[in-house]
J.: 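Here it is, the structure, as structure tokens.
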Amino acid sequence: MAREVCFVKKINDNGSAKRVTADAEELGRVIRGVQDESERPKSDILTWSQASQAIDALQAKDFCLADVLIISDFFFPLPIDKMHKRMETKHAKGTRYYGLQIGETKNPYDKVLDKIWRISV
């Protein structure tokens with residue numbers, strides 16, 4: 001007989017919630033996976049300075065008219081001022097910045113990107 005755990009998850013800022021039931025063993029595997037991921041070396045984590053490589057690539061002739069698509073859950077900080085200014089400079093020349101968000105939580109990127117599409121999971 002499988003053991004189950006049950007909890008209530010907040011879905012949106014209006015206070016809507018959903019009761020979730022999960023297999024205890026599977027939940028344990030997921031938690032261990034998250035713990036393992038959090039122990040990765042920090043150098044493996046994408047930072048905005050590394051993401052600037054996409055903006056650097058826009059300098060090349062082959063990519064000068066390209067747009068940028070970020071696929072993420074958007075649980076990372078906004079770009080630093082220097083990066084944001086670089087994005088604005090490219091935006092003025094026609095580059096558009098789009099997001100494909102995995103999940104539907106609100107995030108401050110609505111003010112940074114031209115458009116964000118959201119996929120609920």
J.: Salt bridge check, Asp73 against Arg118: does any charged N sit closer than 4.0 Å to a carboxylate O?
T.: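 No, this pair does not count.
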J.: Got a second to check how far Tyr97's OH is from Asp114's CG, nearest 0.5 Å?
T.: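 If I round to the nearest 0.5 Å, the distance is 9.0 Å.
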J.: CD1 of Ile71 to CD1 of Ile102: how many Å apart, nearest 0.5 Å?
T.: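 These two atoms lie 7.0 Å from each other.
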J.: How many angstroms lie between OG1 in Thr105 and CZ in Phe74, if you round to the nearest 0.5 Å?
T.: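 One finds 10.0 Å between OG1 of Thr105 and CZ of Phe74.
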J.: Which atoms form the tightest heavy-atom contact between Leu100 and Leu69, and what is the distance?
T.: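 Looking at all heavy atoms of both residues, the closest pair is N-CD1, 4.0 Å.
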J.: Check whether the side chains of Asn107 and Gln101 place a donor and an acceptor atom closer than 3.5 Å, and report yes or no.
T.: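 Yes - a donor-acceptor pair under 3.5 Å links their side chains.
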J.: With rounding to the nearest 0.5 angstrom, report the CD1 to CG distance, Ile116 to Asp110.
T.: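 Result: 4.5 Å between the selected atoms.
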J.: Roughly how far, to the nearest 0.5 Å, is NE2 of His91 from CD of Glu88?
T.: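 NE2 of His91 is found 9.0 Å from CD of Glu88.
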J.: Is there side-chain contact between Leu78 and Tyr109, with heavy atoms separated by less than 4.5 Å?
T.: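 The answer is yes, as the side chains (C-beta and beyond) meet within the 4.5 Å cut-off.
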J.: At their closest point, which heavy atom of Val112 faces which heavy atom of Pro79, and how far apart are they?
T.: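 That closest heavy-atom pairing would be CG1-CG, 4.3 Å.
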J.: So, the side chain of Thr89 versus the backbone of Lys85: is there a donor-acceptor pair under 3.5 Å, distance only?
T.: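 Pair found, side chain donor or acceptor close to backbone of Lys85.
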J.: Is a side-chain donor or acceptor of Asp67 paired with a backbone partner of Arg96 at a separation under 3.5 angstrom?
T.: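 The answer is yes, because a donor-acceptor pair under 3.5 Å joins these two groups.
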